[in-house]
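The structure under discussion appears below in the form of structure tokens.
In what follows, chains are A, B, ... by sequence order, proteins preceding strands, each numbered from 1. Because only heavy atoms are used, hydrogens play no part in the values below, and waters and symmetry mates are left out as well, while side chains stay in.
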Amino acid sequence: MALKISNTLSGRKEDFVTIEPGIVTMYVCGVTVYASSHIGHAMSALTFDVIRRYFEYRGYTVRHVVNFTDIDDKIIKRANDEKVDWKSITERYIKEYLDWMDALNVKRATVYPRATEEVDGIIAAIQTLVERGNAYPATNGDVYFRALSQPNYGALKHQSPDELNAGARIDIDEAKENPLDFALWKAAKPGEPSWTSPWGEGRPGWHIECSVMAMRYLGPQIDVHGGGADLIFPHHENEIAQSENLTGERPFVRYWAHNGLLQAKLVDPDTGKASVEKMSKSLGNTLSVGKLLEMGDPDMLRMFVLGSHYRNPLTYTDESFDVAFKSLERIKSVFSPRENWGDPSSNTGKAEATAALEQATGAARTGFEAAMDDDFNTPAAIARLFDLVREINKGRDTGASGAALYAARETLAELGGVLGLRMKELPVSSGSQDVEPFVKLLVDLRKELKTAKQYQLADRVREGLKDLGVKLEDRPDGTTWKFEK
RNA sequence: GGCGACGUAGCCAAGUGGUAAGGCAGAGGUCUGCAAAACCUCCAUCCAGCGGUUCGAAUCCGCUCGUCGCCUCCA
């Protein structure tokens, strides 16, 4: 069965065929490093992490490029506010971003290029465009690209230049020939960090960096280009215009993949009215990745994100993670060392139960692949994982062989791993580790009470701990406990 | 204002022409000292509303209502 992927450019699902057999070139827009990333940024990273992992599961080698925009107005402002060098700002947030992505189990990209380390290439590209007459230095020192020099301008957004112009609300920049033109090079104001160029001191515009880096690290044409849906216009539209103008090759990108945006509740401080809007630093309805990591198992966010299709918008609520945590726990409990999963090398077991489990294991893989082949349908893929969890638990209870149980659990771990879920690491609830010895003491004490059939007292211990947020479970081979709100 | 996306059970969410996956919550049952977990059963005659096409539509078309996004930095 063929892998299908939706393409923003064509507006439909297409068969996935790479330029070079066996290799996927993928460019994903990273973040502008002027502040801490929020879980909306993480959502995008997680989305493309899963897409990448599935390509690899399907046998592709993936060349994965994620850029850092490390120079722009906000970075300069931040540096001025803190009275530090702009570079110390970007270094701080790049390191933080990478640390956080590691914690979220996002695979490292092949390359993380930075705009300021690609300035020579950017200037060369702009020069080519200017020489060709498709870009022009303006009176204010900026260099602009003539958007309409590309005949297909607007194709990604599915709007004609006329429609794009008609919709424009912004004041027309005097220096531009046409309001759709966009900056390739921005002239430096006094005191701003700058690089020397044929058009004077300045810095690269935002759009050109991605074109130049994508071409440098992946070639004139690439397979997949990803990013948040908010980047479709103008950022990605402009990338297409520049890149195709530079290389003369079309299409610049075979498959444009955009993830839906994370939304969050926002309460108006004046009216007290709540609304749901895109999670955004400027709106102030964000949850930073750092905060999330303090909340417990980082896989929670992944589970939450993967629970809806990547193209659809997703709304974050306070309860989101409770549900995600519970479902995560349901899956991961299959790897609990406290359950009796039998001897992996034992083929003895009830034939019927063993056969049913083996059948279910195969069906889970088939169903998982079919779901993922269909434009990375992770909600459907996860549903197949839940089916397998049920069959594994059933197999354990009905006497399937140790070997079949082991194989089924390994399959679950492998498929979960394709989604980036750390299946064999038990879910970590939030809660203080300091209380562990005290809880252990109480659990041991309660065991003695149970042995002595002092059930009333044993139950008092359990109830008391529950009120304190510690939940006890008596399993066949002992008592487990965990934090629970 | 222009363009686009979406609207499925109490909640989250798959399903793009053949008669509604999965998770959470809820109800009943098995097991257990009890509870929890696990397992079994139940839980949308119906997919925002109204028309239309079709033997047949949640799925296609039109209109209405609602939500969100982009058009400005943005994952």
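- To the nearest whole angstrom, the two P atoms, one in B:A36 and one in B:U32, are 15 Å apart.
- Within the shown strands, B:U30 is the pairing partner of B:A38 under the Watson-Crick or G-U definition, both distances less than 3.5 Å.
- Of the listed nucleotides (B:A38, B:A75, B:G22), B:A75 has the atom at the smallest distance from the side chain of A:L231.
- Distances shorter than 4.0 Å separate some side-chain N or O of A:T32 from OP1 or OP2 on B:A75.
- When atom types are taken as modelled, the side chain of A:E237 and the backbone of A:A155 share a donor-acceptor pair closer than 3.5 angstrom.
- Note on A:V276: only backbone sugar-phosphate atoms sit closer than 4.0 angstrom, heavy atoms only; bases stay farther off.
- At a cut-off of 3.5 Å, with distance as the only test, a side-chain donor of A:S211 or A:Q242 sits close to an acceptor on the other residue.
- A sub-4.0 Å separation between OP1 or OP2 of B:C40 and a side-chain N or O of A:K394 is present.
- Note: A:H236 and A:H258 meet the aromatic proximity criterion, with ring centroids under 6.0 Å apart.
- Residue order along RNA chain B, read from the 5' end via each residue's closest nucleotide, puts A:K13 first among A:K13 and A:C29.
- Between A:N393 and B:C39 there is a side-chain N or O to OP1 or OP2 distance below 4.0 Å.
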- Message: What does the B/S/- profile of nucleotides 23-33 of chain B look like, 5' to 3', with a 4.0 Å heavy-atom cutoff to protein?
- Response: SSS-------B
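- On the P atoms, B:G62 is 27 Å away from B:C71, given to the nearest whole Å.
- The P atoms of B:G7 and B:A13 are separated by 10 Å, rounded to the nearest whole Å.
- The side-chain heavy atoms of A:T25 and A:V224, taken from C-beta on, include no pair separated by under 4.5 Å.
- Residue A:N377 is in sugar-phosphate contact alone, with no base atom involved, counting any heavy-atom pair closer than 4.0 Å across all strands shown.
- Counting only N and O atoms by type, the side chains of A:D99 and A:Y97 include no donor and acceptor under 3.5 Å apart.
- The C1' atoms of B:C31 and B:A20 are separated by 33 Å, rounded to the nearest whole Å.
- Atom-to-atom, OH of A:Y310 to P of B:G69 comes out at 20 Å; the value is rounded to the nearest Å.
- Residue contacts shown for A:K278 include a base, since a base heavy atom lies under 4.0 Å away.
- Base pairing analysis places B:C46 opposite nothing; no Watson-Crick or G-U wobble pair with both distances below 3.5 Å involves it.
- Closest-nucleotide positions on RNA chain B for A:G30 and A:E391 were compared, and the one nearer the 5' end corresponds to A:E391.
- Residue contacts shown for A:D230 include a base, since a base heavy atom lies under 4.0 Å away.
- When distances run from any side-chain atom of A:A380 to the nucleotides B:A14, B:A75, B:A38, the shortest one goes to B:A14.
- Figure legend: cation-pi geometry between A:K281 and A:Y34, with NZ or CZ positioned under 6.0 Å from the six-membered ring centre and within 45° of its axis.
- Within 4.0 Å (heavy atoms only), A:Q263 reaches sugar-phosphate atoms of the nucleic acid but no base atom.
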Can you tabulate the close N/O pairs, meaning under 3.5 Å, that link protein atoms to atoms of nucleotides 3-13 of chain B?
{"unit_1": "B:C3", "atom_1": "O4'", "unit_2": "A:Q159", "atom_2": "NE2", "d": "3.3"}

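- OP1 and OP2 of B:C34 both lie 4.0 Å or more from every side-chain N or O belonging to A:K453.
- Comparing the same atom, P, in B:U30 and in B:G56 gives a spacing of 48 Å after rounding to whole Å.
- Looking at heavy-atom distances under 4.0 Å, A:L385 makes no contact with the nucleic acid at all.
- A ring-centre distance under 6.0 Å is not found for A:F68 and A:Y93.
- Sorted by first and then second residue, the salt bridge (Lys or Arg N to Asp or Glu O under 4.0 Å) pairs with a member in residues 298-308 of chain A read A:D49-A:R302, A:D299-A:K332, A:D299-A:R422; sequence neighbours excluded.
- The side chain of A:H38 lies closest to B:A75, out of B:C73, B:A75, B:A38.
- Of all heavy-atom pairs spanning A:N67 and A:C210, the tightest one is ND2-SG, 3.9 Å.
- In this structure, B:U19 makes no Watson-Crick or G-U wobble pair, since no nucleotide meets both defining distances under 3.5 angstrom.
- Distance check on atom P: B:A25 versus B:C12 gives 15 Å, rounded to whole Å.
- With a cut-off of 3.5 Å on both Watson-Crick or G-U wobble distances, the partner of B:C6 is given as B:G66.
- For the pair A:L3 and A:D15, the minimum side-chain heavy-atom distance is 4.5 Å or more.
- Between B:G69, B:G15, B:C39, one nucleotide has an atom nearer to the side chain of A:E277 than all others, and that is B:G69.
- Rounded to whole Å, the C1' atom of B:C60 lies 8 Å from the corresponding atom of B:U53.
- No close placement of the A:Y144 and A:F182 rings is indicated, their centers lying 6.0 Å or farther apart.
- Side-chain atoms of A:D70 never come within 3.5 Å of backbone atoms of A:T90 as a donor-acceptor pair (strictly under, hydrogens ignored).
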